[in-house]
Protein chains: 2
Amino acid sequence: MATSRPRKKRETYHHGDLSNALVAAAIDLLSTGDAEQLTLREISRRVGVNHRAVYRHFADLTALLAAVAEQGYRQLLIALEASLAGVKRAGPEKRVEALACAYVAFALDNPAHYRIMFGRRLNEDGRFPVLEDLVQQAYVLIDVEMGAGIEQRRFIQRPRRELVFAFWSLAHGFASLALVARINVKRTLVEPYVRQIVAPFITGL
Amino acid sequence: MATSRPRKKRETYHHGDLSNALVAAAIDLLSTGDAEQLTLREISRRVGVNHRAVYRHFADLTALLAAVAEQGYRQLLIALEASLAGVKRAGPEKRVEALACAYVAFALDNPAHYRIMFGRRLNEDGRFPVLEDLVQQAYVLIDVEMGAGIEQRRFIQRPRRELVFAFWSLAHGFASLALVARINVKRTLVEPYVRQIVAPFITGL
DNA sequence: ACCTGAACACCGTTCAAGT
DNA sequence: ACCTGAACACCGTTCAAGT
């Protein structure tokens with residue numbers, strides 16, 4: 001039976017693209033559970049494959065988590081860009097405010113995924129340049145807004161780097177504290193809450 | 001041999017205060033290693049006791065980690081109070097700045113311990129009221145400073161709560177990003193760096 | 001090439017026993 | 001009371017084998 005062979009192959013080998021299937025399954029698990037429950041064995045179980053098969057595509061669990069984090073940064077970048085597109089003709093203050101709202105909303109909508117992105121240090125040995133590049137893209141996105149505000153003399157005249165990190169610290173810090181429930185935010189009230197938190201910062205810009 | 005009995009007891013039972021010894025051993029491990037390496041079995045090994053002995057004193061690993069986190073908050077509170085004592089006659093801006101520096105310095109000096117305090121949510125089921133109380137004490141400490149600034153009309157006239165969370169977000173966010181190496185801070189340059197990051201916020205207060 | 005089975009050294013936790 | 005031993009169900013990873 002020559003025709004049954006590819007079928008059987010599919011049933012055992014299961015995939016043309018196991019690599020992406022694993023990342024997708026991991027993200028799916030993150031959407032319903034905690035970041036701690038995301039194990040190599042659980043992910044492969046979800047895909048219906050022996051847990052050893054993971055090692056064909058990823059050097060270790062950290063490499064798989066890095067791919068998951070990369071996907072998270074891609075989604076975050078899209079969300080941030082979308083938020084800026086909504087305030088195209090607004091001043092730099094409004095744009096920065098929109099950015100902060102979108103950032104925190106992303107973290108609260110994808111808490112476990114966000115924890116993978118910012119929880120452990122995944123790229124300690126510099127194995128994942130793509131991950132580093134995506135982080136850099138997020139940095140640049142903020143940097144452009146800060147640069148515009150400085151150039152238009154609407155923001156405080158300070159090195160862009162400082163303002164970018166200050167903004168990022170504020171957004172990430174608020175998101176983190178909300179995720180560990182040190183700050184209690186109702187999802188529907190994220191935007192006004194973030195605006196309040198960011199207000200003194202923006203006033204000081 | 002009646003005299004050998006208490007001795008033997010000490011050699012096997014090993015402690016009058018196993019509870020505190022476990023917490024101390026855990027903190028000691030955190031001072032040299034990562035937060036992930038801190039396991040129940042490793043801690044008990046360090047104390048020289050069977051790992052099952054832990055369950056005499058703590059309901060589970062989370063309860064032990066909560067005790068470790070509590071100790072961390074006590075140390076953090078002392079560090080924050082000490083920093084305020086150093087700027088007793090200064091204006092509220094300077095005092096808030098000192099607070100931020102001390103906060104970030106604590107996180108960078110005790111990275112693994114800080115991660116236990118702010119990494120996972122330990123008190124999800126409200127089992128550790130002491131932990132919650134210590135967090136509250138930290139909140140109040142910041143709140144008092146913000147309240148003073150508002151009352152003296154040196155800060156923006158907004159609800160204290162907002163300013164406290166904004167400050168905490170900024171300090172915690174900066175510390176977190178530094179710990180995952182998204183921001184690169186040399187330990188000796190923490191203070192000037194934090195001052196720069198906090199500057200626009202304080203200007204806006 | 002791609003996947004699996006058995007095994008190893010870990011982990012937190014439970015149960016029943018030892019002193 | 002306080003601690004231990006053996007066992008259980010997990011985990012990531014290695015080695016050798018299966019198709």
Side-chain angles (χ1 to χ4, degrees), chain A residues 1-23 25-26 29-30 33-68 116 119-120 122 124-125 127, chain B residues 1-23 25-26 29-30 33-68 116 119-120 122 124-125 127:
Chain A
M1 292 193 184
T3 52
S4 79
R5 249 203 148 174
R7 249 199 219 155
K8 221 183 178 181
K9 221 173 184 178
R10 229 165 231 159
E11 274 164 37
T12 37
Y13 284 16
H14 204 256
H15 280 100
D17 196 359
L18 181 55
S19 179
N20 282 325
L22 288 167
V23 174
L29 283 165
L30 288 173
D34 295 4
E36 289 88 14
Q37 295 170 359
L38 191 75
T39 66
L40 185 145
R41 284 167 115 112
E42 182 60 35
I43 297 166
S44 32
R45 234 175 265 135
R46 184 83 156 211
V47 174
V49 99
N50 186 286
H51 69 274
R52 280 283 313 133
V54 172
Y55 290 92
R56 266 306 127 189
H57 302 273
F58 298 97
D60 50 25
L61 174 61
T62 303
L64 174 49
L65 293 182
V68 170
I116 299 292
R120 259 184 51 207
L122 298 168
E124 208 145 8
D125 31 14
R127 288 191 287 161
Chain B
M1 293 190 184
T3 51
S4 78
R5 247 196 150 182
R7 251 201 218 157
K8 223 186 179 179
K9 222 175 185 179
R10 232 168 227 160
E11 274 164 35
T12 37
Y13 285 14
H14 204 254
H15 281 100
D17 197 359
L18 181 54
S19 179
N20 282 326
L22 288 167
V23 173
L29 283 165
L30 288 173
D34 296 3
E36 290 87 13
Q37 296 169 358
L38 191 75
T39 66
L40 184 146
R41 285 168 114 111
E42 182 61 34
I43 297 166
S44 33
R45 236 175 265 133
R46 185 83 155 211
V47 174
V49 101
N50 186 287
H51 68 274
R52 279 283 315 133
V54 173
Y55 291 92
R56 263 310 126 187
H57 302 273
F58 298 97
D60 50 25
L61 175 60
T62 303
L64 174 49
L65 293 182
V68 171
I116 298 291
R120 260 183 52 205
L122 298 167
E124 208 145 7
D125 32 13
R127 287 190 289 161

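Heavy atoms only: backbone and side chains are in, while hydrogens, waters and symmetry mates are out. Owing to the predicted nature of the structure, the values given are computational and were not obtained by experimental measurement. Residue numbers begin at 1 in each chain, while the letters A, B, ... track the order of the sequences.
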Rounded distance (nearest 0.5 Å) linking atom CG of A:Leu65 with atom CD1 of A:Ile43 = 6.5 Å
message = Using the rule given for side chain to side chain contact (heavy atoms under 4.5 Å, CB included), can you reason through A:Leu64 versus A:Leu22, listing the C-alpha separation, both sets of side-chain angles and the distance that settles it, and then say yes or no?
response = CA-CA 8 Å; A:Leu64 174 49; A:Leu22 288 167; 4.3 Å; yes
Among C:dC2, C:dT4, D:dC11, the nucleotide that comes nearest once only the side chain of A:Arg56 is considered = C:dC2
remark   = Taking pairs as Watson-Crick (N1-N3 plus N6-O4 or O6-N4) or G-U wobble (N1-O2 and O6-N3), each distance under 3.5 Å, the stems of three or more consecutive pairs with DNA chain C are C:4-8 with D:12-16, C:12-16 with D:4-8
ask   = Atom CG of B:Leu64 and atom P of C:dG12: how far apart are they, to the nearest Å?
value = 10 Å
inquiry  = So if I take every side-chain heavy atom of B:Asn50 and compare against D:dT14, D:dG5, C:dT13, which nucleotide ends up nearest?
reply    = D:dG5
query = Side chain of B:Leu61: nearest nucleotide among C:dT13, D:dT13, D:dC3?
reply = C:dT13
request  = Using a cut-off of strictly less than 4.0 Å, decide whether A:Tyr55 has a side-chain nitrogen or oxygen near OP1 or OP2 of D:dT13.
outcome  = yes
query = Roughly, in whole Å, what's the span from NE2 in B:His51 to C1' in D:dC8?
reply = 11 Å
query = Atom CG of B:Asp17 and atom P of D:dC3: how far apart are they, to the nearest Å?
reply = 11 Å
query = Which residues, if any, of residues 36-44 of chain A bring a heavy atom under 4.0 Å of DNA chain C?
reply = none
message = From C-beta outward on B:Arg52, which listed nucleotide comes closest to its side chain: C:dC2, C:dT4, D:dT4?
response = D:dT4
inquiry  = Would you compute the distance between atom CG of B:Asn50 and atom CZ of B:Arg56 and round it to the nearest 0.5 angstrom?
reply    = 12.0 Å
request  = Taking the side chain as every heavy atom from C-beta outward, state whether A:Arg127 and A:Thr62 have any pair of such atoms under 4.5 Å apart.
outcome  = yes
Please list every donor-acceptor pair under 3.5 Å in which a side-chain atom of residues 34-41 of chain A meets a protein atom from a residue at least two apart or in another chain.
from: A:Thr39; atom 1: OG1; to: A:Glu42; atom 2: N; distance (Å): 3.0

note = For B:Ala26 and B:Val68, the nearest pair of non-hydrogen atoms, with its separation, is CB-CG2, 3.6 Å
key: B:Phe58 to B:Ala67 - nearest heavy-atom pair and separation   = CE2-CB, 3.8 Å
query = Could you state the CZ-P distance from A:Phe58 to C:dC3, rounded to the nearest angstrom?
reply = 12 Å
request  = To the nearest Å, give me how far apart NE2 (B:His57) and P (D:dA1) are.
outcome  = 14 Å
